[in-house]
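Structure first, commentary second.
None of the values given here were measured: they were computed from a predicted structure.
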Amino acid sequence: YRDLVERGVSLFQCQSSDRIEMIGESLDYLGSLGMTNLMIEGGAELTSSFMDASEVDQCDVYIGGKVFGGRCSLGPVGGEGISKVIDATTFDLRAITRLDDTDVKLTYRRQDIVR
């Protein structure tokens with residue numbers, strides 16, 4: 001961490017080791033700095049933590065014209081998942097943006113968010 005601090009990076013260390021509590025601590029800290037929006041672009045486990053903490057308001061999904069993957073490929077959301085479809089967080093499709101001849105961006109907002 002010392003190298004990062006020497007290069008001017010600000011670090012915040014959570015007090016909790018629980019992934020859901022860590023999300024809350026981090027958002028509280030960022031809020032204290034006046035930040036009201038956060039874009040997360042992490043792996044499946046980070047996305048899962050934010051989803052499990054009910055802290056995802058919007059999802060931007062990018063779909064390209066190339067198919068790759070396989071049985072061992074990870075999905076965009078990790079974690080334990082849900083056991084019943086009725087328990088899934090529901091999002092509304094708000095926008096479709098064509099990026100080029102093959103790629104699109106889908107913008108979803110969580111249904112219970114009023115904005």
Step by step, would you call Val5 with Leu11 a side-chain contact (heavy atoms from CB on, under 4.5 Å)? CA-CA 7 Å; Val5 173; Leu11 299 175; 3.7 Å; yes
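- Summarising the geometry, atom CD1 belonging to Ile40 is positioned 8.5 Å from atom OG belonging to Ser49; distances are rounded to the nearest 0.5 Å.
- Counting heavy atoms of neighbouring residues, nucleotides and ligands inside a 6.0 Å radius, atom CD of Gln15 does not exceed 12 of them.
- To the nearest 0.5 Å, atoms CD1 (Ile96) and CG (Leu106) are separated by 6.0 Å.
- Within 6.0 Å of CD1 on Ile86 lie no more than 12 heavy atoms contributed by other residues, nucleotides or ligands.
- Note that OG1 of Thr90 is 12.0 Å distant from OH of Tyr108, once rounded to the nearest 0.5 Å.
- Within the 3.5 Å criterion, the main-chain N or O of Gly24 finds no donor-acceptor partner in the side chain of Glu55.
- Residues Leu99 and Val104 come closest through the heavy atom pair CD1-C, 4.1 Å.
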Audit row: Asp52, Arg19, side-chain contact (heavy atoms from CB on, under 4.5 Å) steps and yes/no: CA-CA 9 Å; Asp52 290 347; Arg19 66 187 184 90; 2.3 Å; yes
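- Around the CZ atom of Phe12, the shell of radius 6.0 Å holds more than 12 heavy atoms that belong to other residues, nucleotides or ligands.
- Between Leu27 and Ile23, the closest side-chain pair of non-hydrogen atoms falls below 4.5 Å.
- When all heavy atoms of Asp18 and Ser16 are compared, the pair lying nearest together is N-OG, 2.9 Å.
- Contact annotation: the side chain of Leu38 approaches that of Phe50 to within less than 4.5 Å [non-hydrogen atoms, C-beta and beyond].
- Transitive grouping of hydrophobic side chains (ILVMFWY, heavy atoms separated by less than 4.5 Å) keeps Tyr62 and Val77 in distinct clusters.
- Between the CD atom in Gln58 and the CZ atom in Arg110 there is a gap of 12.0 Å [rounded to 0.5 Å].
- Ser32 places a side-chain N or O within 3.5 Å of a backbone atom of Tyr29 that can act as its donor or acceptor partner.
- In this structure, the separation between CE on Met51 and SG on Cys59 is 5.5 Å, given to the nearest 0.5 Å.
- Applying the side chain to side chain donor-acceptor pair (under 3.5 Å) definition to pairs two or more places apart or across chains, those involving residues 96-105 are Asp100-Thr102.
- With sequence neighbours excluded, no residue forms a ring-ring contact (aromatic ring centres under 6.0 Å, His included) with Phe68.
- Taken to the nearest 0.5 Å, the CG atom of Asp92 stands 12.5 Å off from the OG1 atom of Thr107.
- Between Glu25 and Cys14 the shortest heavy-atom distance is OE1-CA, 3.1 Å.
- The minimum heavy-atom distance linking Gly78 with Ser48 is given by the pair O-OG, 3.2 Å.
- Of all the heavy atoms in Phe91 and Asp57, the pair that sits closest is CE2-O, 4.2 Å.
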